[in-house]
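Residue numbers start from 1 in every chain, and the chains themselves are labelled A, B, ... in the order their sequence lines are given, proteins ahead of strands.
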Protein chains: 2
Amino acid sequence: MTDWSKGAAWMGGEIIPIAEAKIHVMDWGLTRSDITYDVVPVKDGAFFRLPDYLDRFEASMASMRLAPGVTREALRAALHEMVAKTGLRDAYCSMTAARGVPLIHGSRDPRNCGNHLYAWVVPYVHVVKPDVLDRGAKLWIAKSVRRIPEDSVNPRAKNYHWGDMTAALFEALDEGYDTVALLDHQGNVTEGPGFNVFCVSGGRVITSDHGVLHGVTRKTVLDMCAEIGLPTEMRPLPLEEMMGSDEVFLSTSGGGVAPMVEVAGRIFGNGRPGPVSERLHELYWEWTKRAENREDIAYAA
Amino acid sequence: MTDWSKGAAWMGGEIIPIAEAKIHVMDWGLTRSDITYDVVPVKDGAFFRLPDYLDRFEASMASMRLAPGVTREALRAALHEMVAKTGLRDAYCSMTAARGVPLIHGSRDPRNCGNHLYAWVVPYVHVVKPDVLDRGAKLWIAKSVRRIPEDSVNPRAKNYHWGDMTAALFEALDEGYDTVALLDHQGNVTEGPGFNVFCVSGGRVITSDHGVLHGVTRKTVLDMCAEIGLPTEMRPLPLEEMMGSDEVFLSTSGGGVAPMVEVAGRIFGNGRPGPVSERLHELYWEWTKRAENREDIAYAA
């Protein structure tokens with residue numbers, strides 16, 4: 001008996017147990033990281049803002065010239081069917097488009113590969129764990145490595161080029177921190193492994209506009225700020241400015257808004273989440289309950 | 001009946017047909033490109049300079065803190081057995097170490113994953129095809145994208161972060177070129193998809209010392225130059241200098257020395273490989289025949 005509650009995948013048009021979801025070792029999605037993906041959260045039995053995630057995924061594929069031949073409606077239907085099959089009501093649902101293998105052995109031509117699309121779903125993942133948030137999460141700023149610049153790899157096409165992120169994460173863990181943000185080559189704060197970074201300064205909410213993924217949760221934060229009347233700024237964010245700000249928080253599809261209480265040795269808010277971060281954290285979960293943001297999944301009775 | 005001549009893989013301690021060689025879609029080797037590899041050529045029934053490839057692979061794993069728990073001798077024995085099984089006498093033999101999946105679902109800690117090592121072999125691959133070399137190979141210089149800088153991702157730990165390479169390759173193919181080299185952010189020539197770049201200027205052989213993989217074929221070129229008394233320089237190579245040089249060639253474990261006859265609109269040597277490139281091209285194949293560079297494979301009788 002398959003334990004579907006561990007997750008499932010949709011590959012080659014079929015739904016299979018997550019344990020069987022594999023790609024070939026010669027797929028350029030692996031050997032060239034020639035691949036794009038997106039992750040939509042499922043909360044309380046519904047996709048959250050699925051059209052936004054599908055929009056971005058389609059834009060990523062187009063910018064990388066990936067054409068796996070799956071329509072938006074076919075993908076949407078597959079995601080619904082796959083999540084329903086698992087019964088998971090809170091889940092981390094990933095969709096991926098890969099270059100595939102060359103149609104002729106030894107070809108080095110990316111135009112001549114069998115592009116393909118697959119998806120998988122597993123129980124919900126918190127990028128910053130709830131118990132870490134409860135005791136106060138600590139963000140490191142990487143010293144040994146800089147974020148891959150956007151004229152090398154386009155960060156808006158969501159990608160698996162995480163070498164800089166992983167090196168930074170090792171550094172943070174060695175230093176006793178929970179996670180890490182990276183600077184660009186000009187000293188501005190960009191993003192970290194799985195999240196965007198925000199600071200709050202004099203009631204204004206600030207996040208980078210370049211060198212970063214335009215995260216859907218980042219967009220949700222900006223939309224929430226508009227709703228509650230908080231002014232926002234999207235622009236380069238120098239590290240010094242963030243270190244002198246009132247609050248720092250992260251945004252991620254894996255957990256929403258994550259307040260930080262320490263950044264690279266500086267304690268914020270006496271070690272407790274600031275009022276803006278806290279309010280946005282709560283509001284994010286409220287937004288996941290609103291009908292206009294939800295696409296209900298038809299689970300078996 | 002398995003057609004082993006298409007290739008084989010060594011995974012989990014077993015030799016399997018290449019078609020069955022797959023890794024899980026949630027392996028961080030894929031989803032974070034948290035993975036390193038090396039490719040050793042097999043020529044005329046022997047590995048070429050295998051100790052050099054193993055040295056580099058071990059250094060790459062150490063720098064990425066990957067510890068799959070396979071000794072050098074176990075890996076060497078597995079590569080021999082795997083290639084012997086296929087009967088392939090000219091082959092492209094890859095070894096890969098990947099982060100694996102977290103031991104606890106949802107963990108974001110790279111220290112807490114099941115690192116693993118696998119290998120595979122397929123018929124020999126020419127990065128620049130012999131028929132392209134015969135008609136004169138054309139190298140493009142990427143305009144839209146710059147090589148990932150080495151303070152973002154270490155290029156000496158051989159990696160699958162090829163987003164910049166792939167974007168550059170699309171640009172080159174769109175322009176009617178065969179392959180492409182990338183510049184760093186200072187305008188120096190770095191490398192391309194699967195090769196190092198050299199130029200010859202006034203009898204001196206020049207290649208970049210930074211922002212590039214220290215390729216084993218690059219090393220072989222430098223060693224061959226020493227043997228035949230050609231002076232070499234390893235230093236930043238400005239594009240303008242290369243465009244004004246006498247000859248340009250590429251070095252790759254997939255084909256050795258590949259002379260270029262056109263670079264971004266400039267014809268070199270009246271459209272024929274220059275004398276130094278041609279000599280090194282021939283000498284490379286001669287070096288693959290020398291006993292001291294070979295490690296013979298014990299094929300079944």
Side-chain angles (χ1 to χ4, degrees), chain A residues 6 9 11 18-19 21-26 28-35 37 64-65 92 94 96 99 105-106 108-111 118 120 122-129 144-149 151-154 157 159-167 169-170 173 179 185 193-194 254, chain B residues 6 9 11 18-19 21-26 28-35 37 64-65 92 94 96 99 105-106 108-111 118 120 122-129 144-149 151-154 157 159-167 169-170 173 179 185 193-194 254:
Chain A
K6 290 187 176 164
M11 299 189 97
I18 186 65
K22 298 181 177 186
I23 75 164
H24 197 266
V25 294
M26 295 177 70
W28 288 7
L30 176 65
T31 63
R32 300 185 166 198
S33 205
D34 195 1
I35 195 162
Y37 76 112
M64 293 176 66
R65 295 163 70 161
Y92 179 97
S94 181
T96 307
R99 187 70 62 196
H105 172 68
R108 311 285 288 185
D109 189 338
R111 299 169 304 187
Y118 61 88
W120 47 272
V122 292
Y124 195 78
V125 169
H126 289 268
V127 167
V128 182
K129 306 302 167 213
S144 64
V145 68
R146 297 278 168 143
R147 183 78 183 104
I148 296 171
D151 63 353
S152 292
V153 179
N154 174 8
N159 64 71
Y160 287 149
H161 286 62
W162 274 41
D164 52 347
M165 304 277 202
T166 299
L169 193 50
F170 268 118
L173 295 167
T179 191
H185 287 78
Chain B
K6 289 187 177 165
M11 297 189 99
I18 187 66
K22 298 182 177 184
I23 75 165
H24 197 266
V25 294
M26 293 177 72
W28 286 7
L30 175 66
T31 61
R32 299 183 168 201
S33 204
D34 194 1
I35 194 163
Y37 76 113
M64 292 175 67
R65 296 166 67 161
Y92 179 99
S94 181
T96 307
R99 187 70 62 196
H105 171 68
R108 311 285 288 186
D109 189 338
R111 301 170 303 187
Y118 60 89
W120 46 272
V122 292
Y124 195 79
V125 169
H126 289 267
V127 166
V128 184
K129 306 302 167 214
S144 65
V145 68
R146 297 277 168 143
R147 183 78 184 101
I148 296 172
D151 63 354
S152 292
V153 179
N154 174 7
N159 63 71
Y160 287 149
H161 285 62
W162 275 40
D164 51 348
M165 304 277 201
T166 299
L169 192 50
F170 269 116
L173 294 168
T179 190
H185 287 77

If you tally heavy-atom pairs under 4.5 Å against chain B, which of [options] wins?
options: Phe170(A), Tyr118(A), Trp120(A); value: Phe170(A)
options: Gly29(A), Ala21(A), Pro123(A), Ser33(A); value: Ala21(A)
options: Met26(A), Arg99(A), Arg147(A); value: Met26(A)
options: Pro110(A), Gly106(A), Gly194(A); value: Pro110(A)
options: Lys129(A), Lys6(A), His126(A); value: Lys129(A)
options: Asp34(A), Val125(A), Val122(A), Leu30(A); value: Leu30(A)

At a heavy-atom distance under 4.5 Å, which candidate from [options] has the highest pair count against chain A?
options: His105(B), His185(B), Arg111(B), Arg65(B); value: Arg65(B)
options: Thr179(B), Thr96(B), Asn154(B), Ile18(B); value: Ile18(B)
options: Pro193(B), Pro149(B), Gly254(B); value: Pro149(B)
options: Asn159(B), Val128(B), Thr166(B); value: Thr166(B)

**OP:** Side chain from CB out, backbone as N, CA, C, O: work out which of these in Ala9(B) comes under 4.5 Å of a heavy atom of chain A, or both, or neither.
**Re:**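 No part of Ala9(B) comes within 4.5 Å of chain A.
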Subject >> Segment of Ser144(B) engaging chain A (4.5 angstrom heavy-atom cut-off) >> reply: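 It is the backbone, since no side chain atom gets that close.
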Under 4.5 Å from any heavy atom of chain B - which part of [X]:
X: Met165(A); value: neither
X: Arg146(A); value: both
X: Ala157(A); value: neither
X: Ile35(A); value: side chain
X: Val127(A); value: both
X: Tyr37(A); value: neither

Subject >> Smallest separation among heavy atoms of Tyr160(A) and Thr31(B), with atom names >> reply: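 Where Tyr160(A) meets Thr31(B) most closely, the heavy atoms are CD2-O, 2.7 Å.
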Subject >> Contact summary for Leu169(B) and Arg108(A), nearest pair of heavy atoms >> reply: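 Nearest heavy atoms, Leu169(B) then Arg108(A): CD2-O, 3.4 Å.
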Subject >> Donor + acceptor pair across side chains of Asp164(A), His161(B) (<3.5 Å) >> reply: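 Side-chain D/A pair, Asp164(A) to His161(B): absent.
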